[in-house]
Amino acid sequence: MWCSRVALNRLQRIAVAPLTVSGNVRRTMQKEMSTLPRVYITRQIPPEGLKILRESGQVQYELWDSDDVPVPRKELLEKVKGVDALLCVLTEKIDAELLDAAGPNLKVLSTMSVGFDHLSLDELKKRLVNLLCVRACMGIRVGYTPDVLTDSVAELTVAVLLATSRRLIEATHEAKTGGWGTWRTLWLCGYELANSTVGIMGLGRIGVAIAERLSPFKVKKFIYTDVAPRPELASIINAEYVSMDELAKQSDFLAVCCALTPETKEICNKNLFSKMKNTSIFINTSRGGVVNQEDLYDALSTGQIAGAGLDVTVPEPLPTNHPLFSLKNCVILPHIASASYTTRNAMSALAANNLLLGLRGEPMIKGLQL
């Protein structure tokens, strides 16, 4: 465990640190700006990433200078024309239309996210094959930003789990609106972690980090399911591998940590919820698409499960008139799991360094294998 923590801290330091450059690269940095690779950045990313790009002297960049409103699709398609690299966030759909608009100059795609379901990997692979057919040396290289957000996502997952199970949002509302009357024996009672079974759907670094934080609450047992057993990670938290059915049946608290793939799309549905205890708490801080929200609403409104805490939904933002907002036993946050200053700056720095390394033809710190 100590080794994995050291490795994660080292990655975070590497992600934020500016890249060292050789003498040849330094000479390149002295070229006229007009000859440097062109980069488009689709959002006003945190300052560490912009600082790395600016001080590298290796690129000229333009960005959509707003953190409140995504770049309009029409403008995005115009701005990417002829760029050598694109730094995006998860709100931008990188599909055939955008890749066609960018054209053959596009060599590097760096996303400031751990998830990559907004990237059309099939289209990126197709372009790699086409390029190989004409004997090009490489296709579009893709970087992403996993691991550096492990701690912040785990912390937020524990926070929303406690807020849901101990009904903190309900309690705050009652205190503010006059519902706080005389002391009552069962008023706003929730569910404890002590002596409970915690299930993790998709055991990776984040799942392990969640379990590590929950263990001091005297959790009795950790169980998990994944595409296959993961004994090395499971041994860190002494977790038992079980089937999906057993995960649903045994879990007092079920935390979803899996990636969104064709196989996991709406995997949390009526079938899963029907097997859960009526005292169970369901938590999702992964991707909204893994949950069938209509089935979740039915499970919550009928008392099939006790409560749900969501940091992710479909769509995002979730319309304020969505039925889930009408339920007292559903806590919904606006996708803030990685929203700490440290983590967001580390993500932007890692995205910037991935981009620069990709343009230089060197291995990215964190790159996707297409």
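Computed over heavy atoms, backbone and side chain alike; hydrogens, waters and symmetry mates excluded. Residue numbers count from 1 along this sequence.
- Side chains of T42 and E92: a donor-acceptor N/O pair is present below 3.5 angstrom, by distance only.
- Distance alone, capped at 3.5 Å, places no donor-acceptor pair between the D147 side chain and the T150 backbone.
- The backbone N or O of N345 sits less than 3.5 Å from a side-chain atom of S348, completing a donor-acceptor pair.
- With 3.5 Å as the limit, one finds a donor-acceptor pair spanning the side chains of N292 and E266.
- Just one of I223, T264, D226, L272 meets the side-chain contact (heavy atoms from CB on, under 4.5 Å) condition when paired with M201; it is L272.
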From CA spacing to verdict: side-chain contact (heavy atoms from CB on, under 4.5 Å), I305, L254: CA-CA 11 Å; I305 63 175; L254 200 166; over 6 Å; no
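- With 3.5 Å as the limit, one finds no donor-acceptor pair spanning the side chains of S120 and D122.
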I would like to know whether L98 and L86 meet side-chain contact (heavy atoms from CB on, under 4.5 Å); could you show each step before the answer? CA-CA 11 Å; L98 185 139; L86 179 67; 3.9 Å; yes
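- Here the two rings, on Y40 and Y61, have centers that are 6.0 Å apart or farther.
- In this structure, the side chain of T145 engages the main chain of S113 through a donor-acceptor pair within 3.5 Å.
- In this structure a side-chain-to-backbone donor-acceptor pair under 3.5 Å is present from N329 to A306.
- Atom CG of L193 is separated from atom OG of S215 by 10.5 Å, given to the nearest 0.5 angstrom.
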Report the C-alpha separation of T91 and R43 in whole Å, then their side-chain angles, then the decisive distance to 0.1 Å, and conclude whether the side chain to side chain donor-acceptor pair (under 3.5 Å) test is met. CA-CA 9 Å; T91 53; R43 189 65 66 91; 2.9 Å; yes
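- Side chain of N354 to backbone of M364: no donor-acceptor contact under 3.5 angstrom is found.
- For the pairing with C88, the side-chain contact (heavy atoms from CB on, under 4.5 Å) check across T111, I41, V71 returns one residue only, T111.
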H335 and L90: CA distance, side-chain angles, deciding distance, side-chain contact (heavy atoms from CB on, under 4.5 Å) verdict: CA-CA 11 Å; H335 202 152; L90 52 80; 4.1 Å; yes
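- Between D252 and K221 there is no salt bridge, since no side-chain N of the basic residue sits under 4.0 Å from a carboxylate O of the acidic one.
- K107 places a side-chain N or O within 3.5 Å of a backbone atom of N105 that can act as its donor or acceptor partner.
- A donor-acceptor contact shorter than 3.5 Å is absent between the side chain of R38 and the backbone of Q60.
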Check against side-chain contact (heavy atoms from CB on, under 4.5 Å), L149 and I206: CA-CA 8 Å; L149 46 61; I206 291 174; 4.0 Å; yes
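- Side-chain atoms of S280 come within 3.5 Å of backbone atoms of S251 as a donor-acceptor pair (strictly under, hydrogens ignored).
- Each of V160, I336, V153 was compared with D311 under the side-chain contact (heavy atoms from CB on, under 4.5 Å) criterion, and only I336 meets it.
- No hydrogens or angles considered: a donor-acceptor pair under 3.5 Å links the side chains of E263 and T261.
- Neither side chain, T342 nor S340, offers a donor N or O lying under 3.5 Å from an acceptor on the other.
- Although no hydrogens or angles enter the test, the distance criterion places no donor-acceptor pair under 3.5 Å between the side chain of R287 and the main chain of K265.
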